[in-house]
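Have a look at the structure below, then the notes.
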Amino acid sequence: MIVRSIELDFFRNYLHTEVSFSPNVNVIYGENAQGKTNLLEAIGYLSGARSHRARYDRELIQFGVEHAFIKAELQARDRLYTVEAKLANGQRRQLFRNGVRLKTASELSDTLKTVLFCPEDLTLIREGAVARRRFLDDCICQLRPRYAAALAEYKRLYEHKTRILRDYSENPSLLDTLDDFDLRMAQTGAVLIHYRAHFVKRLRESAPPIHKDFSGGREILSLRYETVKTISDPEAPPKDLLPALLAHQESHRRAELDARQCLSGPHKDDLTVEIDGQNARQFASQGQTRTAALSLKLGTREIFYADSGEWPVLLLDDVLSELDGRRQDFVLNRISGGQVFITCCDKADFSGDCALFHVSNGAVQAGGGVCTCN
Ligand code: ATP
Ligand code: MG
């Protein structure tokens, strides 16, 4: 998959920008706060109508303006596509492919898949389970539309059940519907667990060899999917997971009523990351944290490739800081295949063939097309 060009109107700090990219490595360089991450964010948005850092679409629209527009020419499966996103304050976003309005964001992922690494991804290793669940969800949503639909349904059911648990003492009749919500959450949750378990299985094959290579053969990364305790084989078909999920809910019913929160279900899942047998969350150094987070992302990229036969577009935001020379060399020279966008403050970090783009105050200037920089 290749982003051949992009056009932005009033997206973040870009007034109007049109830029064409190389199908290989694109280096986006410039001083702080000029728009490098914003450019990567715009590309990432076109793969699922989600930003990695904005909670609401309105944050993407330029301050003081009502509309924003992103348009890209893409190449996928040897065909050319035009995809567009129209954002407007107070209105639902509109997505188009080849001029035809799309019903769901996951239709965008058919045409463009991206894997993004950004400084915030260090939370994947360092912080609580929320970041790791979001990582799993983002990846699997791009791969499997059925998962995206199940996740949206699960979130809806979760919110509804939370309201029941919160309000039942003022309105006891709400409890009449609890069994029904429990059943539907268990059915939908079983789908999530099944897909997550399969994804983690593939990630266990793809990410550790990358981490090992990245660390010069010194470190072993291991991953473990943690889900509802009563489930012994999370890879089993969803219908076989259902009894264990219902049993877990049943045993937590009293505790849920007392705590007034949903305590049972895959919204508590985690992905345990260990380096050399130690939990990375507690023990990894800054460089190891970055290496492990990046290995998870590059492992995901390989899964996408194995799945579709095409490399997803790799977006690397500020990846080089905190890495020693050997690890920087891995990033700059060992990632092969597919289109890559990489941001940095100083183009001197790069050697080899790459297309340079200088970003300054929301304007992108191609630095002389494809060139060899040192
Ligand atoms: P750094 O090297 O520090 O990471 P950067 O080049 O990646 O910098 P960006 O994160 O792309 O910088 O942000 C560039 C500028 O865009 C920032 O000054 C930010 O305040 C501004 N900005 C963010 N959102 C909007 C918006 N909705 N409207 C206008 N400007 C915005
Ligand atoms: Mg940035």
Side-chain angles (χ1 to χ4, degrees), residues 3 5-19 21 25-72 84-95 114-124 126 131 138 286-287 289-290 293-294 297 313-323 328 331-332 335 339-350 354-367 373:
V3 181
S5 64
I6 197 161
E7 185 181 330
L8 303 176
D9 279 312
F10 303 114
F11 181 86
R12 298 271 196 192
N13 70 332
Y14 288 93
L15 276 176
H16 177 77
T17 294
E18 288 178 46
V19 51
F21 298 113
V25 179
N26 297 276
V27 174
I28 317 291
Y29 71 98
E31 292 177 0
N32 294 132
Q34 300 304 309
K36 303 183 296 297
T37 301
N38 293 346
L39 187 59
L40 261 52
E41 185 181 34
I43 296 170
Y45 190 87
L46 293 176
S47 63
R50 240 168 103 157
S51 150
H52 67 287
R53 56 182 183 169
R55 186 134 182 226
Y56 302 105
D57 282 350
R58 63 173 180 268
E59 296 168 43
L60 307 174
I61 301 172
Q62 190 159 110
F63 304 142
V65 177
E66 290 300 311
H67 303 267
F69 178 63
I70 320 171
K71 177 178 176 181
E84 291 161 85
K86 291 182 183 168
L87 311 178
N89 275 328
Q91 287 175 36
R92 228 178 114 64
R93 57 152 196 254
Q94 296 181 16
L95 308 169
T114 58
V115 171
L116 172 120
F117 176 86
C118 63
E120 292 88 335
D121 283 328
L122 303 183
T123 60
L124 260 177
R126 283 201 187 133
D138 282 349
Q286 281 171 301
T289 301
R290 194 167 281 254
L294 190 53
K297 295 298 178 107
V313 173
L314 182 61
L315 306 170
L316 299 174
D317 191 17
D318 194 16
V319 74
L320 297 179
S321 44
E322 287 169 15
L323 294 179
Q328 285 197 357
V331 174
L332 297 177
I335 297 173
Q339 189 181 31
V340 181
F341 291 82
I342 182 163
T343 69
C344 61
C345 290
D346 187 358
K347 66 178 176 178
D349 287 332
F350 290 84
C354 49
L356 289 173
F357 298 88
H358 183 236
V359 177
S360 176
N361 195 21
V364 186
Q365 191 163 20
C373 47

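Counting starts at 1 for both ligands and their atoms, following the listed order. Side-chain atoms are counted along with the backbone in the values below, which use heavy atoms only and exclude waters and symmetry mates. Numbers for residues simply follow the sequence, beginning at 1. Being a predicted model, the structure only gives us computed values, none of them experimental.
Below 30°, between 30° and 60°, or above 60°: for Tyr29 and His358 the angle between ring planes is between 30° and 60°, a tilted geometry.
Contacts between Arg53 and ligand 1 below 4.0 angstrom, taking non-hydrogen atoms only, involve the side chain exclusively. Contact annotation for Ile61 and ligand 1: only backbone heavy atoms (N, CA, C, O) come within less than 4.0 Å of the ligand.
A donor-acceptor contact shorter than 3.5 Å links the side chain of Tyr14 to the backbone of Gly35. With hydrogens and angles ignored, the 3.5 Å screen pairs no side-chain donor or acceptor of Asn13 with any backbone N or O of Asn361.
Judged by the shortest distance from any of its heavy atoms, Gly30 lies outside the 4.0 Å radius around the atoms of ligand 1.
Atom CD of Glu31 sits in a sparse spot, with 12 or fewer heavy atoms from other residues, nucleotides or ligands closer than 6.0 Å. Counting heavy-atom neighbours within 6.0 Å of Arg58 CZ, excluding the residue itself, gives a total of 12 or less.
The side-chain heavy atoms of Gln286 and Thr289, taken from C-beta on, include no pair separated by under 4.5 Å. Using a 4.5 Å heavy-atom threshold, the side chains of Thr114 and Leu46 count as separate. Looking at heavy atoms from C-beta onward, His16 lies out of side-chain contact with Leu8 at the 4.5 angstrom threshold.
Here the heavy atom of the protein found nearest to atom 23 (C) of ligand 1 is Arg12 CD, 3.7 Å. Ranking the protein heavy atoms by distance from atom 21 (C) of ligand 1 puts Asn13 CB, 4.1 Å first. Of all protein heavy atoms, the one lying nearest to atom 12 (O) of ligand 1 is Ala33 CA, 3.4 Å. With hydrogens left out, the protein atom closest to atom 7 (O) of ligand 1 is Thr37 OG1, 2.7 Å, a heavy atom. Among all protein heavy atoms, the one lying closest to atom 3 (O) of ligand 1 is Asn32 ND2, 3.2 Å. Protein heavy atom nearest atom 28 (N) of ligand 1, with residue, atom name and distance: Phe63 N, 3.1 Å.
Atoms of ligand 1 lying under 4.0 Å from at least one heavy atom of Asn38, given by number and element, are 9 (P), 10 (O), 11 (O), 13 (O), 14 (C), 15 (C), 16 (O). In summary, the atoms of ligand 1 found under 4.0 Å from a heavy atom of Glu59, numbered by their order in the structure, are 27 (N).
Using a cut-off of 2.8 Å, one finds that Thr37 contributes an N/O/S atom close to the Mg ion (ligand 2).
Shown here, atom 19 (C) of ligand 1 is out of close reach of the protein: none of its heavy atoms lies under 4.0 Å off.
The distance between the ring centers of Tyr45 and Phe11 does not fall below 6.0 angstrom.
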